[in-house]
There are 2 protein chains.
Amino acid sequence: MMPSTPLPKNYQLIRDVVDECGLGCHLTPSEIYAKVRERQPGIGLTTIYRGLERLRELGFVSEIEVPGADAAAYEPAGPHHAHFRCSSCGRIEDVAFVIPANTLDALAREHGVEIKDQRVTFEGRCSRCTASG
Amino acid sequence: MMPSTPLPKNYQLIRDVVDECGLGCHLTPSEIYAKVRERQPGIGLTTIYRGLERLRELGFVSEIEVPGADAAAYEPAGPHHAHFRCSSCGRIEDVAFVIPANTLDALAREHGVEIKDQRVTFEGRCSRCTASG
DNA sequence: AATGGAAATGAAATCCATTTTCACTTAGGC
DNA sequence: GCCTAAGTGAAAATGGATTTCATTTCCATT
Ligand SMILES: [Mn+2]
Ligand SMILES: [Mn+2]
Ligand SMILES: [Zn+2]
Ligand SMILES: [Zn+2]
């Protein structure tokens, strides 16, 4: 089939900013706003929120909600993984960890629910804070 | 040693409400507010927030922050566990699952961080919603 | 080109959980 | 009783996210 409707220009800019940040990089809507604004000074924060929602629906970006963080963060879509949040400095890092599907299946059966997603977040001290503090 | 300072009466009421809710029961500050208010009509929401923070520091209650939920939830302190959130109705259930310590150790070593806590949340459809919807 | 409807846009208003401020009351060691 | 620290609640402030609404842009169709 034909390539579906191309992304509106502004949404593409948002996608670019998230993509250029790269894997393992997590940006808040405000941070994205600031970066997009460098290329499109007139854009409004509202459009950032709307664009991020759309891009998430389309599977281009992922939203992560980390307990303790004051705002949601976005990253380019990629392989599923866990996150680590340093409770000292707030830094968020990727952690290569996923609960295997057969474990999820067992849990789902056991609890009589249908599990569609997992969110794993670790909390502690990052190497930088351990070194300095 | 002497029993440390007894809990202020209002904080004790908050603790009672959370405890009476039982394991596997998760209450938001507003819900707790409503319940405490039945016994102490004059109490303010501010005191609920302050009490919950204190009770958490003292280890009597646990706060859980579930992605997708609009407010934090509290439960009586107890064994560590994971949570399941139904994306259809919002219901939060306990899930008997913890990432084993040796796995955490390996991850921590691998990523050069110090892991102090884990937060595991599953998302999907609860049995009730699967049956009805 | 003209047209019309759908989508996108941004400013402003609104929402809402949580925190902060501040003046006041309470509790308890002395 | 006095004094200080802790507790309290109303009200205001905060701040991320959403909603509203009037306007503009986009594009497929004439
Ligand atoms: Mn990530
Ligand atoms: Mn629980
Ligand atoms: Zn750190
Ligand atoms: Zn449900």
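Since the model is a prediction, treat every value here as computed from it, not as a measurement.
Nucleotides of DNA chain C lying under 4.0 Å from heavy atoms of chain B occupy a range whose first and last members, 5' to 3', are C:dA17 to C:dT21.
Rounded to whole Å, the distance from CD on B:Q12 to C1' on D:dG7 is 15 Å. Rounded to whole Å, the distance from CG on B:N10 to P on D:dA6 is 17 Å. Across the protein-nucleic acid pair, A:Y11 atom OH and D:dC26 atom P stand 13 Å apart, rounded to whole Å.
In the hydrophobic clustering, where aliphatic and aromatic side chains (Ile, Leu, Val, Met, Phe, Trp, Tyr) are joined below 4.5 Å either directly or transitively, A:I92 groups with A:I64, A:V66.
Across residues 31-38 of chain A, not one residue has a non-hydrogen atom less than 4.0 Å from an atom of DNA chain C.
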Only pairs under 3.5 Å count here: list side-chain donor-acceptor contacts from residues 46-55 of chain B, not counting sequence neighbours, and write none if there are none.
none

Residues 23-34 of chain B side chain polar contacts: donor-acceptor under 3.5 Å, at least two apart:
unit_1	atom_1	unit_2	atom_2	d
B:H26	NE2	B:E75	OE1	2.9
B:H26	NE2	B:H83	NE2	3.1
B:H26	NE2	B:D94	OD1	3.0
B:T28	OG1	B:E31	N	3.2
B:T28	OG1	B:E31	OE1	3.4
B:E31	OE1	B:T28	N	2.8
B:Y33	OH	B:R37	NE	2.7
B:Y33	OH	B:R37	NH2	3.2

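With values rounded to the nearest 0.5 angstrom, A:I14 atom CD1 is found 10.0 Å from A:Q40 atom CD. We find the CG-CD1 distance between A:L107 and A:I99 to be 7.5 Å, quoted to the nearest 0.5 Å.
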Using a 4.0 Å cut-off on protein heavy atoms (strictly under), produce a 5'-to-3' string for nucleotides 14-21 of chain D with B for base contact, S for backbone-only sugar-phosphate contact, and - for none. --SBBBB-

Take B:R39 and B:E20 through the salt bridge (charged side-chain N to carboxylate O under 4.0 Å, His left out) test and state the conclusion after the steps. CA-CA 14 Å; B:R39 306 181 194 179; B:E20 285 164 18; 2.5 Å; yes

Apply side chain to side chain contact (heavy atoms under 4.5 Å, CB included) to the pair A:L58 and A:L7, showing each step before the final yes or no. CA-CA 10 Å; A:L58 294 173; A:L7 233 38; 3.6 Å; yes

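Annotation: side chain of A:V98 is in contact with side chain of A:Q118 (closest heavy-atom distance under 4.5 Å). In this structure the side chain of A:E93 reaches within 4.5 angstrom of the side chain of A:C126, judged on heavy atoms. Side-chain contact check for A:Y74 versus A:S62: every heavy-atom pair is 4.5 Å or farther apart.
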